[in-house]
Amino acid sequence: MENPFKNQVLKLRRTGKLTQILVKYGFQDLLGSQSKRPPMGEESLSPNDPTVYERIRLAIEELGPTFVKFGQTLSSREDLLPALLIVELKKLQDRVPPQEIDIVPYIEEQLGINASESFREIETEPIASASIAQVYKAVLADGTPVILKIKRPNIRTTINSDLLILRDIVQFLSDYSLTIRQINLKYILATFQKTLVEELSFVHEAQNIVQFEQNFRGVDKIHCIHTYEELCNDDVLCVSWIDGVKITDKDGLMTYDVNFEHIVDSGLELFLTQVLEHGFFHADPHPGNILVTPDGKLSFLDFGAMGRMLLSDQVVLEDFIIAFINKDADSLLYIIKKMAIYIQIENEKNIKREILELFEMASTNTLENIDIKAFFSKFSNILYQNNIIMPEHIYLLVRGVVLMEGIGRELMPGLNIIEKIKPYIEQVIRKRLSFENLKKESQRKLMDSFELLSHAPYTLKNIAQRLEQGDLTVKVDNSDLQHLQRQYRKNQSTNRSLALGCLFFVSGCLVISVEQYRILGIPILSWIFFVIGISFLILAKLRSLRID
């Protein structure tokens, strides 16, 4: 169990470093008294000043792995942040020098084994180094080559203290800025924290590997890695070694005598299968995480972060694809509303017009000239302009599609991406229009309708009873209104304290001539009134300084 006191001590130390770095890069205005509410947003963070965003990126890089990873998460949120800031965040690199680890004693201590009995050889120098873990090559006692992924010592404690600081920063920014509240940065941080905690758990990653391997059992185009369960725990992960080259290594692929188009087709098919059939997909399919084996099979690496969709999410995604293919703006808008976790559209006519422009963008370009990245950027901008926040798996999916398309274009510059994915889209449509699916859909809707009708009398009766008793209320969920209400209550409380303070002070003055025991020439009753009055005045001042 984590020691909360120790976490707080580490948080204080990390806060000191955070303060130094913010001052170093010119963000000392963030360190001012929160009660003074310094005008940070308009002057120092002008959207037209790219040097500000560059300083943000440099500060994040110096703050370390947790902040870098959070910045990388935000770099895919073009629906939330200014374009110039996105450009800088995309430059963030997880560059961490290797940490000195006495690997053999470390493994023996973590796994409770005699390394010489389980391993023939363990290389002492890491072959890869990242913020959370380092990777070593080893050979099992039976001669099987493996990979050992070793968690950096004390990294969990460091990340936990960083997350505490991030929560404080996001809370402050949310109190400080209406824009931050509107983009729901708290939700983004909560999602990021969940993903990062999962990535910290090698037990969780091992489970992901097992599930991924089961999903593709019997599929010839993929070579799945597998775990050695007896040599794994939450800090050590032992997986099979894959002999292969990076998917974008053209020279390496040529030595294998594999067809580039075959590799692109296989990559798209395997990724879309993960999304459309399994609802469990690789969240970071960049070129370094996909190898091609000598026999032309693909192998995905690094399963710390995976995208997950419920069956209902997959159904809605299929609806989205079908509505887009049919260029049905009304249906597409309805589905977007259904998918969104937050939505505040001010003008539906405008968003429909923007969706139609998106359709036009797809139809007027030749298929091979469609820039998927620009296309999704346009879609993200529509979401941003209309205050729509989608669930995290949608952003992971978009990022995955863009990465896979980038890989495809690197291997085949003239790649016709739409033609490549068209068979899978047609497969979705055929599946949805199949007799079996229509039958299931009709049964589901019939059951939903029956359940709704069967509960309707009780619901109406309950509404009528509450109406008669005067208990029926309408709840409006509006964060801005709540903020104004809190401010109004705070003002009322401050005014009451001021009024009471003045009342007692005046009362003290009125009784000053009363004959009674005096201290320094002033009646004791007046002293009591003065102390109470001053106390209320101090309380009023404190309430006026309090952040909502």
Side-chain angles (χ1 to χ4, degrees), residues 64-66 68-69 72 93-113 115 118-160 194-214 222-247 280 282-291 293 298-307:
T66 311
V68 168
K69 283 183 174 291
Q72 289 172 333
Q93 298 295 321
D94 198 2
R95 292 188 292 258
V96 181
Q99 184 176 350
E100 191 75 28
I101 299 177
D102 196 354
I103 188 65
V104 174
Y106 181 85
I107 288 174
E108 289 182 332
E109 179 185 353
Q110 291 295 327
L111 298 177
I113 61 170
S118 300
F119 296 94
R120 182 183 297 180
E121 179 188 353
I122 301 175
E123 293 185 5
T124 56
E125 293 297 321
I127 61 174
S129 176
S131 56
I132 289 178
Q134 298 182 171
V135 177
Y136 298 79
K137 189 176 180 182
V139 180
L140 296 179
D142 62 4
T144 304
V146 294
I147 286 292
L148 286 170
K149 189 174 180 181
I150 307 298
K151 192 182 298 178
R152 287 174 176 265
N154 302 317
I155 187 63
R156 183 183 291 275
T157 305
T158 301
I159 286 178
N160 284 343
K194 178 178 178 294
T195 302
L196 189 57
V197 169
E198 289 178 354
E199 200 171 338
L200 274 171
S201 171
F202 286 177
V203 170
H204 182 80
E205 183 171 352
Q207 292 170 345
N208 289 341
I209 293 171
V210 171
Q211 183 176 344
F212 191 86
E213 187 179 13
Q214 288 175 346
I222 190 169
H223 185 117
C224 293
I225 64 172
H226 61 270
T227 62
Y228 293 85
E229 188 177 346
E230 68 280 5
L231 297 173
C232 297
N233 65 11
D234 207 44
D235 296 303
V236 177
L237 183 67
C238 182
V239 299
S240 54
W241 166 269
I242 301 295
D243 186 18
V245 297
K246 193 165 73 168
I247 191 171
F280 180 72
H282 201 292
D284 193 21
H286 65 73
N289 278 340
I290 308 176
L291 297 182
T293 64
L298 269 61
S299 184
F300 287 79
L301 311 177
D302 193 354
F303 292 85
M306 300 292 290

Undergrad: Between Asp142 and Arg120, is the closest basic N to carboxylate O distance under 4.0 Å?
TA: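 No, this pair does not count.
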Undergrad: Just by modelled atom types, is the Tyr136 backbone N or O under 3.5 Å from a matching donor or acceptor in the Glu123 side chain?
TA: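 No, the answer is negative, given that no donor and acceptor are paired below the 3.5 Å cut-off.
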Undergrad: Does Gln211 reach the side chain of Phe303, with side-chain heavy atoms less than 4.5 Å apart?
TA: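 Not in contact.
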Undergrad: For the pair Lys149 and Asp235, find out whether any cationic side-chain nitrogen is under 4.0 Å from an anionic carboxylate oxygen.
TA: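 The answer is no: the pair does not qualify as a salt bridge.
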Undergrad: Which heavy atom of Ser131 sits nearest to which heavy atom of Ile155, and what is that distance?
TA: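 Shortest heavy-atom contact: O-CD1, 3.5 Å.
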Undergrad: For the residue pair His282 and Phe280, is the inter-centroid distance of their aromatic rings smaller than 6.0 Å?
TA: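 Between Phe280 and His282, which both carry aromatic rings, the centre distance is not below 6.0 Å.
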Undergrad: Taking Ser299 for its side chain and His223 for its backbone only, find out whether a donor-acceptor pair lies under 3.5 Å.
TA: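 Indeed, once roles are kept as given, a pair shorter than 3.5 Å links the two residues.
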Undergrad: Does Asp302 form a side-chain contact (heavy atoms from CB on, under 4.5 Å) with Glu205? I'd like the steps, not just the answer.
TA: CA-CA 8 Å; Asp302 193 354; Glu205 183 171 352; 3.9 Å; yes
Undergrad: Passes side-chain contact (heavy atoms from CB on, under 4.5 Å), Ile122 versus Val139? Steps please.
TA: CA-CA 6 Å; Ile122 301 175; Val139 180; over 6 Å; no
Undergrad: Do side-chain atoms of Ser129 reach the backbone of Gln134 as a donor and acceptor pair under 3.5 angstrom?
TA: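 It does not hold such a pair.
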Undergrad: Check Val236 against Leu231 and note the closest heavy-atom contact, atom names and distance.
TA: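 Nearest pair, atom of Val236 first, then Leu231: CG1-O, 3.8 Å.
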Undergrad: Testing Leu298, Ile242, Ile247 for side chain to side chain contact (heavy atoms under 4.5 Å, CB included) with Leu291, which one passes?
TA: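 When side chain to side chain contact (heavy atoms under 4.5 Å, CB included) is applied between Leu291 and each of Leu298, Ile242, Ile247, only Ile242 qualifies.
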Undergrad: Only one of Lys69, Lys194, His204 clears side chain to side chain donor-acceptor pair (under 3.5 Å) with Glu199; which?
TA: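 Testing each of Lys69, Lys194, His204 against Glu199, the sole residue satisfying side chain to side chain donor-acceptor pair (under 3.5 Å) is Lys69.
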Undergrad: Using a 4.5 Å cut-off on heavy atoms from C-beta on, say whether the side chain of Val146 contacts that of Val239.
TA: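 The answer is no, as the side chains (C-beta and beyond) never meet within the 4.5 Å cut-off.
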Undergrad: With a 4.5 Å cut-off on side-chain heavy atoms, are Pro153 and Tyr106 touching?
TA: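 Yes, at least one pair of side-chain atoms sits under 4.5 Å.
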Undergrad: Would you indicate whether the side-chain heavy atoms of Ile225 and Phe300 approach each other to under 4.5 Å?
TA: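 The answer is no; the side chains never approach within 4.5 Å.
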Undergrad: Check for a donor-acceptor pair, side chain of Lys151 on one end and backbone N or O of Leu200 on the other, with a separation under 3.5 Å.
TA: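 Answer holds: yes.
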Undergrad: How close do Leu148 and Cys238 get, heavy atom to heavy atom, and via which atoms?
TA: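 What the structure gives for the nearest pair is CD2-CB, 3.8 Å.
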Undergrad: Is it true that Glu230 and Tyr228 share a donor-acceptor pair across their side chains at a distance under 3.5 Å?
TA: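 No, no side-chain donor-acceptor pair sits under 3.5 Å.
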Undergrad: Looking at Asp284 and Asn289, would you say the former's side chain and the latter's main chain have a donor-acceptor pair under 3.5 Å?
TA: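 No; judged by distance alone, with no hydrogens or angles, the pair does not exist.
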Undergrad: Under the 3.5 angstrom rule, does the side chain of Asn208 hit a backbone N or O of Met306 as a donor-acceptor pair?
TA: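 No, Asn208 side chain to Met306 backbone: no donor-acceptor pair under 3.5 Å.
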Undergrad: Please check if the side chain of Thr158 supplies one atom and the backbone of Asn154 the other of a donor-acceptor pair under 3.5 Å.
TA: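 Indeed, once roles are kept as given, a pair shorter than 3.5 Å links the two residues.
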